[in-house]
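Any value given below was found using the heavy atoms of this structure, including those in side chains, with hydrogens, waters and symmetry copies removed. In listed order, ligands and their atoms are each counted from 1. In what follows, residues are counted from 1 in the order of the sequence shown.
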Amino acid sequence: MHLLSSRQVIDRLVGDAGLGAHDLVLDLGAGPGTITASLAHTGARVLAVERDARYVAALRRRFAGHDRVRVVHDDLRRVRLPRRDFAVVASIPFATSTVLLRRLLTPVPARLARAELVVEWGLARRLTAARPRDLEQAWWAARFELRLARRIPARCFRPAPAVDAAHLKVHRRREVDARTAAVLWPLLTEAYRRPDEPARHVLGDLVAHRLGRRLLHEAGADPAGPTRSVHIGQWSRVAGALAGDRALRPPPLPKSLRS
Ligand SMILES: C[S@@+](CC[C@H](N)C(=O)[O-])C[C@H]1O[C@@H](n2cnc3c(N)ncnc32)[C@H](O)[C@@H]1O
C-alpha cells in the first residue's frame with residue numbers, strides 16, 4: 001500500500017475541495033489518517049472509511065476527541081453511501097478505482113457533489129479524454145465535469161508505486177438533473193451503438209427529424225456528421241433542451257443506474 005507523503009499534495013486536495021461546516025466529506029481508504037486529519041480542520045463532518053482493522057484502531061485513537069470525525073470499519077466497495085449530498089477527498093487504493101467510480105458517478109440522482117481524488121495517472125488520462133472511450137465513461141463525463149488537475153509523481157508516496165498518479169477533480173454538473181439524465185441515457189446509448197452514423201439518426205427514435213437536426217445544430221454539433229464527432233457536452237445540451245419538453249416520455253432508466 002502506498003501512503004501519500006507529500007504535504008503539498010494533501011493541502012491541494014483538501015484546499016481545492018472548498019469544504020465548510022455544512023459539508024459531509026468521505027475519506028475512502030483512510031489508512032493512518034493523514035488526509036482525514038486535514039479534512040477535520042475544515043470543520044466539515046468527516047467519514048473515514050478503512051478496511052484494515054489495525055488502521056481502524058489507530059484512526060479511532062487518533063480522532064477520539066473529534067466529534068465531527070467518524071471512523072467506519074468497512075469496505076469502500078460496499079459501504080453504504082450517504083443519501084444526502086456529499087464530497088469525497090481521498091487517495092484511493094488503485095485496485096478499487098473502477099468499482100468506486102462506478103458507485104460514485106453512475107447512480108441517478110447523483111449524491112456526490114464533488115471529489116478530489118488521487119488515482120492512477122493512466123486512468124485519469126482516460127477519464128478526461130476528449131471522447132470517452134465507452135458508454136459508461138460517457139455517462140460519467142456527461143453528468144460530472146472530470147478534470148485532470150496535476151500529475152503526482154510516484155516519489156510523493158511511501159513506498160513509491162510503479163506508476164505516477166494524478167489529482168482528478170470531479171464536479172457534478174448541476175444542469176444535468178434527473179429528468180435530463182433520463183433523456184441523456186437513451187441518446188448516449190444510441191450514440192455509442194452507432195458511432196459512424198450521422199448524428200441526427202441518434203435522435204430519430206425520440207423526436208421528429210427536423211427537430212433533431214435543429215437541436216444538434218443549436219448545441220453546436222453537425223447533424224450530418226458522424227455521431228462520434230459530437231462532444232459529450234453537446235449531447236448534454238441536446239438532452240437538456242429535450243428535457244424541457246414535458247410531452248416527451250423517455251423510457252425508465254435501467255435499474256443499474258438508479259440509486
Ligand atoms: C493508497 S492507501 C491510502 C492511505 C491514506 N489515505 C493516504 O493518503 O496515505 C489505501 C488505503 O485504503 C485501504 N483499503 C484498501 N482497500 C480497501 C477497501 N476495499 N475498502 C476500504 N479500505 C481499503 C488500505 O488499507 C489503505 O489504508
side-chain contact (heavy atoms from CB on, under 4.5 Å) partner of Val49, the single match among Val72, Leu59, Val56: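 Among the candidates, only Val72 passes.
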Heavy-atom nearest neighbour in the protein, as seen from [atom], with distance rounded to 0.1 Å:
| atom | result |
| --- | --- |
| atom 15 (C) of ligand 1 | Pro93 CG, 3.4 Å |
| atom 7 (C) of ligand 1 | Leu4 N, 3.8 Å |
| atom 22 (N) of ligand 1 | Arg51 N, 3.3 Å |
| atom 3 (C) of ligand 1 | Ser91 O, 3.4 Å |
| atom 20 (N) of ligand 1 | Leu76 N, 2.9 Å |
| atom 1 (C) of ligand 1 | His2 O, 3.3 Å |
| atom 25 (O) of ligand 1 | Glu50 OE2, 2.6 Å |

Atom of [X], atom of [Y] and distance for their closest heavy-atom approach:
| X | Y | value |
| --- | --- | --- |
| Val176 | Ala181 | CG1-N, 4.2 Å |
| Arg45 | Arg84 | NH1-NH1, 3.8 Å |
| Tyr192 | Leu135 | CD2-N, 3.7 Å |

Heavy atom of Leu28, distance to ligand 1 below 4.0 Å: no
Min heavy-atom dist Ile35 to ligand 1 below 4.0 Å: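 Yes, Ile35 has heavy atoms under 4.0 Å from ligand 1.
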I need the atoms of ligand 1 closer than 4.0 Å to a non-hydrogen atom of [X], numbered in the order shown.
| X | value |
| --- | --- |
| Asp75 | 18 (C), 19 (N), 20 (N) |
| Leu3 | 4 (C), 9 (O) |
| Ala30 | 5 (C), 6 (N) |
| Tyr55 | 27 (O) |

Gap between atom [atom2] of [Y] and atom [atom1] of [X] - 0.5 Å precision:
| X | Y | atom1 | atom2 | value |
| --- | --- | --- | --- | --- |
| Asp11 | His41 | CG | NE2 | 11.0 Å |
| Ser91 | Ile152 | OG | CD1 | 7.5 Å |
| Asp164 | Arg155 | CG | CZ | 8.5 Å |

Shortest reach to atom 12 (O) of ligand 1 by a heavy atom, considering only Gly29, Ala165, Ser6: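 It is Gly29 whose heavy atom sits nearest to atom 12 (O) of ligand 1.
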Side chain, backbone, both or neither: which part of [X] comes within less than 4.0 Å of ligand 1 when only heavy atoms are counted?
| X | result |
| --- | --- |
| Met1 | side chain |
| Asp74 | backbone |
| Phe94 | neither |

Asp75 side chain vs Arg77 backbone, donor-acceptor pair below 3.5 Å: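 The answer is yes, because a donor-acceptor pair under 3.5 Å joins these two groups.
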Residues, nucleotides or ligands: over 12 heavy atoms within 6.0 Å of His201 NE2: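 Yes, enclosed.
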Cation-pi, Trp140 ring and Arg143 (6.0 angstrom, 45 degrees): no
Evaluation steps, salt bridge (charged side-chain N to carboxylate O under 4.0 Å, His left out), between Arg102 and Glu136: CA-CA 9 Å; Arg102 201 166 275 150; Glu136 180 172 56; 2.6 Å; yes
